[in-house]
2 protein chains.
Amino acid sequence: MAVDLHKAYIHTALKFCFGPDVLSNLELRSLLQLLAEHAEEIAAEAGDYVMQEGIDAEYLFIPTSGVMLIERASSSNFRHVYAFVFPGNLFGISSESRYPYSVKALAPVSLLRIKRTHLDQLMRTDPAVARLFYEIATRIISFLISNLYMLGQKTAVQRVCYFLLDFQRMGNFGNELFVPMTRKDIACYLGISEETVSRAFTRLKQLQLIDVKSQYFIELLDVSRLEQCCQERDIPVSN
Amino acid sequence: MAVDLHKAYIHTALKFCFGPDVLSNLELRSLLQLLAEHAEEIAAEAGDYVMQEGIDAEYLFIPTSGVMLIERASSSNFRHVYAFVFPGNLFGISSESRYPYSVKALAPVSLLRIKRTHLDQLMRTDPAVARLFYEIATRIISFLISNLYMLGQKTAVQRVCYFLLDFQRMGNFGNELFVPMTRKDIACYLGISEETVSRAFTRLKQLQLIDVKSQYFIELLDVSRLEQCCQERDIPVSN
DNA sequence: CGAGCTGTTGAATGCGCTCAAAGCCCGTGG
DNA sequence: CCACGGGCTTTGAGCGCATTCAACAGCTCG
């Protein structure tokens, strides 16, 4: 049950999640100790569910490698993708006693998980830890707000640009993106249909903003024009 | 500068914000003391800005009466409304050093404001307070997630239903809603045009789900069918 | 009473959706 | 090794919802 927090990929994820000086920050030593002693390392294959909506929210998760997606199946037979998850994007935060969403691995992934009861207890006694989780929640709020704006105000092509740029930033790739999710996943995330996603990719390819190397590999050819495309009210090139 | 937290409308707002037993909860006495000693009561008229995006994020706000809206003007000449704010809906949480949005009063409002530096300091020493704010942030996350779903997956009429029902819940009215914002505000919130909002109201009126008494008064005639309308993939009545 | 703003309604356009077919990739089995 | 099949993606055609543009109604205020 002991986890070596100094392993490179775990350390990287922790830095992203808790701040760059996480391992040397004395204020957080109790948190690190808790993680080292009580966190578990788990792994999942592409397609596996790391957690299922409706189940008792027992754990908090910190992804350490791979990509996942957070989805919820609404009451009827429809689903919505809330976010894609990268190493360091802590999840499992919820005011409910059950998970309000599921998390699926899109590629082989590894995660740390820690019991919420342990963490709750620590938060009760250690203000630095409680404050840290407040800050993490605040970051999540910023992320959700920018997505709200995207869903409320942007066209299909703009949403796809937004997705690509966001994916690049989060994934720490260069301009060659490995995009392990299906077009349908992207569509559910962006609030458009999968055909529209496909058409948007084709359009961006025609405009030479991207190159669709294969189903799962996309190269960004002109990041600054992609950014323009995101922000402008009108799509820069109409043909 | 001393605030009487026992005043009825303040007490109500605090209960909504911090939990029903806020005034008797011993864990929160330091927070209450801080509020009583260092919070300021401020007021604003309809149309006034309570805070402006881009300004130093000096305060956290707790609305105690009235209705406000949270908006952001994007880089170009467009704006987005993130939320409507009711008594008890704390705002000003942000990881940035400047406010990332503005807050406008839609009716005469009153609020408590407290310096973030004071609160930060308290969070550093009092785990119960830090944990409380973590929980508040968590609630905000739940709210934003449900809005994401709404913007991503719902039709115009469904969004308007969602808005009305949400407004009823938050505002603590009965079925007679006082809706002090313009159609344009609602439109920016729901991610649709103002004409579409107007048409949706007309449609819901024809279906006898609501009655538009006047510009600012709407009566909900059939809450359960409104809820149906929100949830179903297809709008129940097509004509 | 007119000016200005907000809201409603109508007509026409268009973006994105649905339905459908064809292409592509890849694994499976003959 | 190749044929087949299934899943995913792409492309096309047609439709519909929501938008845009425009006119008009209703209200407030000077």
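Proteins come first, then strands; the chains are lettered A, B, ... in the order of their sequence lines, and each starts at number 1.
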| message | For B:Glu53, is there an ion pair with B:Arg79 - N to carboxylate O distance below 4.0 angstrom? | response | no
| Quick one: B:Arg203 CZ to C:dG10 C1', roughly how many Å, whole number? | 16 Å
| message | Can you tell me which nucleotide in C:dG7, C:dC19, C:dC17 comes closest to the side chain of B:Glu194? | response | C:dG7
| message | In this structure, how many angstroms lie between the P atom of D:dT10 and the CZ atom of A:Phe201, rounded? | response | 8 Å
| remark: note: A:Arg183, atom CZ; D:dG7, atom P; distance rounded to Å ~ 18 Å
| Atom-to-atom span, CD1 of B:Ile186 to P of D:dA18 - whole angstrom | 16 Å
| task | Check the distance between D:dT9's C1' and A:Phe217's CZ and give it to me in whole angstrom. | result | 17 Å
| Of all the choices, C:dT18, D:dT9, D:dA18, which nucleotide is nearest to the side chain of A:Glu195 once you look at every atom? | C:dT18
| task | Mind calculating the distance between CD (A:Gln153) and C1' (C:dC15) to the nearest angstrom? | result | 16 Å
| query | With a 3.5 Å cut-off and just heavy-atom distances, do the side chain of A:Gln215 and the base of C:dC26 make a donor-acceptor pair? | reply | no
| task | Could you tell me whether the side chain of B:Asn89 reaches within less than 4.5 Å of the side chain of B:Met68, counting heavy atoms only? | result | no
| message | Of the listed nucleotides (D:dA18, C:dG16, C:dT8), which one gets closest to any side-chain atom of B:Thr155? | response | D:dA18
| For atom CZ of A:Arg199 and atom P of D:dT9, their distance in whole Å | 14 Å
| message | Under the rule for ring pair (Phe, Tyr, Trp, His ring centres under 6.0 Å), what residues qualify as partners of B:Phe61, not counting sequence neighbours? | response | B:Phe91
| query | NA contact type, A:Thr202, heavy-atom cut-off 4.0 Å: base, sugar-phosphate, or nothing? | reply | sugar-phosphate
| What's the NZ-C1' distance between A:Lys184 and D:dT9, to the nearest Å? | 12 Å
| said: Between the side chains of A:Arg113 and A:Glu40, is the shortest nitrogen-to-carboxylate-oxygen separation below 4.0 Å, so that they form an ion pair? | reply: yes
| query | Is the side chain of A:Thr64 donor-acceptor paired with the backbone N or O of A:Ser110 at a distance under 3.5 Å, no angle test? | reply | yes
| request: Could you tell me whether B:Thr196 contacts a base, only the sugar-phosphate backbone, or nothing, with contacts defined as non-hydrogen atoms closer than 4.0 Å? | output: base
